[in-house]
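Encoded as structure tokens, the structure appears first; notes follow it.
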Protein chains: 2
Amino acid sequence: MAGFGDYVRTVRTALAEKDMRYSLRQVAQRIDVEPAYLSKVERGLVPPPSEATIVRLAGDLGEDPDMLLALAGKVSSDLQAIILRRPKQFAELIRQLRDAPDQAIVKVVREVRDGNW
Amino acid sequence: MAGFGDYVRTVRTALAEKDMRYSLRQVAQRIDVEPAYLSKVERGLVPPPSEATIVRLAGDLGEDPDMLLALAGKVSSDLQAIILRRPKQFAELIRQLRDAPDQAIVKVVREVRDGNW
DNA sequence: TGGCCTGTGTACTACATAGTACACGTTCCA
DNA sequence: TGGAACGTGTACTATGTAGTACACAGGCCA
């Protein structure tokens with residue numbers, strides 16, 4: 001299970017090759033955590049950070065926050081808030097889509113975006 | 001904001017009027033928590049229980065688990081697991097449906113159920 | 001009037017979460 | 001050749017989560 005830390009380290013070091021502002025210490029400073037902590041996170045010695053910290057990290061590295069949160073096993077709280085307003089409808093929808101192919105979801109998104117309701 | 005505890009107490013006492021097996025103590029025993037704890041939960045003196053305990057409580061009271069979890073501010077972990085498999089697609093879908101009318105969601109559920117892909 | 005059930009108050013606890021603080025050895029380069 | 005930045009090891013901490021344990025007062029009824 002690749003994991004959050006490995007992915008972050010891979011992305012960060014790739015950026016660091018071209019730009020020294022992506023050293024562990026400088027990233028840690030920008031996202032406001034201790035370097036030692038980010039080091040442990042990247043090596044998987046501690047669990048992934050909080051949602052807020054992951055979002056800052058995603059912003060700094062130019063990564064998709066939802067994807068990075070997912071690698072950490074978290075669903076972003078704004079999505080949760082949307083679901084919580086209509087729990088039964090969303091529960092049914094999501095369970096319905098559990099085994100649907102990716103294409104089906106994309107299609108549904110498009111239909112909803114085009115506002116045919 | 002009405003809240004989890006109030007709702008549980010209302011439902012439970014309604015059941016208890018007709019059937020003494022829905023006393024606080026007997027419910028607590030069936031769902032395997034201390035009576036004092038359930039008492040505090042119902043009065044909002046402590047935060048809502050864990051997901052597992054809420055699910056047992058919903059089962060005992062004949063309530064919808066997703067709804068009771070929502071009152072507790074939680075999204076059930078099986079839904080989260082589904083979302084985490086395809087975070088970007090589901091994130092887009094859910095945000096797209098944030099302001100959609102209930103009917104739109106129901107319609108989408110029906111379309112997906114009818115295997116529209 | 002004693003035993004049983006009711007709900008509740010107080011005190012305490014185990015574990016998880018989300019980090020900080022500081023010291024250390026290494027490498028680079030001016 | 002020394003100081004600045006690099007990543008890392010060890011120790012510690014504050015807060016939240018999810019409850020348990022036990023004692024207590026009141027109602028019921030046999």
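Proteins come first, then strands; the chains are lettered A, B, ... in the order of their sequence lines, and each starts at number 1. Keep in mind it's a predicted model, so treat the numbers as computed, not measured.
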Can I get a per-line list of side-chain donor-acceptor pairs under 3.5 Å for residues 60-67 of chain A, giving both atom names and the distance, sequence neighbours left out?
from: A/D60; atom 1: OD1; to: A/R30; atom 2: NE; distance (Å): 2.7
from: A/D60; atom 1: OD2; to: A/R30; atom 2: NE; distance (Å): 3.4
from: A/D60; atom 1: OD2; to: A/R30; atom 2: NH2; distance (Å): 3.0
from: A/E63; atom 1: OE1; to: A/Y7; atom 2: OH; distance (Å): 2.5
from: A/D64; atom 1: OD1; to: A/D66; atom 2: N; distance (Å): 2.7
from: A/D64; atom 1: OD1; to: A/M67; atom 2: N; distance (Å): 3.2
from: A/D66; atom 1: OD1; to: B/R95; atom 2: NH2; distance (Å): 3.2
from: A/D66; atom 1: OD2; to: B/R95; atom 2: NH1; distance (Å): 3.0
from: A/D66; atom 1: OD2; to: B/R95; atom 2: NH2; distance (Å): 3.4

Assign A/E42 to base, sugar-phosphate, or nothing according to its heavy-atom contacts below 4.0 angstrom with the strands shown. nothing
I want to confirm an ordering. Mapping B/K40 and B/M20 to their closest nucleotides on DNA chain C, which one lands closer to the 5' end?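 The residue mapped nearer the 5' terminus is B/M20.
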As a check of understanding: the bend across the helix from C/dT1-D/dA30 to C/dA30-D/dT1, end axes from five pairs, rounded to 10 degrees, works out to 10°
Give me the first and last nucleotide of DNA chain C, going 5' to 3', that has any atom under 4.0 Å from a heavy atom of chain B. C/dT6 to C/dA11
Hey, can you pull the residues of residues 52-70 of chain A with a non-hydrogen atom under 4.0 angstrom from DNA chain D?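 Residues of residues 52-70 of chain A that come under 4.0 Å of DNA chain D do not exist, since none gets that close.
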Scan residues 27-36 of chain A against DNA chain D and write down, sorted by residue number, each residue with any heavy atom closer than 4.0 Å; if none is found, say none. A/P35, A/A36
Give the rounded distance in Å between these two atoms: [atom1] of [X] and [atom2] of [N].
X: A/Y37; N: D/dG9; atom1: OH; atom2: C1'; result: 17 Å
X: A/Q26; N: D/dA4; atom1: CD; atom2: P; result: 15 Å
X: A/L38; N: D/dG7; atom1: CG; atom2: C1'; result: 10 Å

Start at the 5' end of DNA chain D and walk down; is the nucleotide closest to B/P49 or to A/L24 reached first?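 Whichever sits nearer the 5' end wins; that is A/L24.
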Reading nucleotides 25-30 of chain D from 5' to 3' and marking B where a protein heavy atom lies under 4.0 Å of the base, S where only the sugar-phosphate is that close, and - otherwise, the string is ------
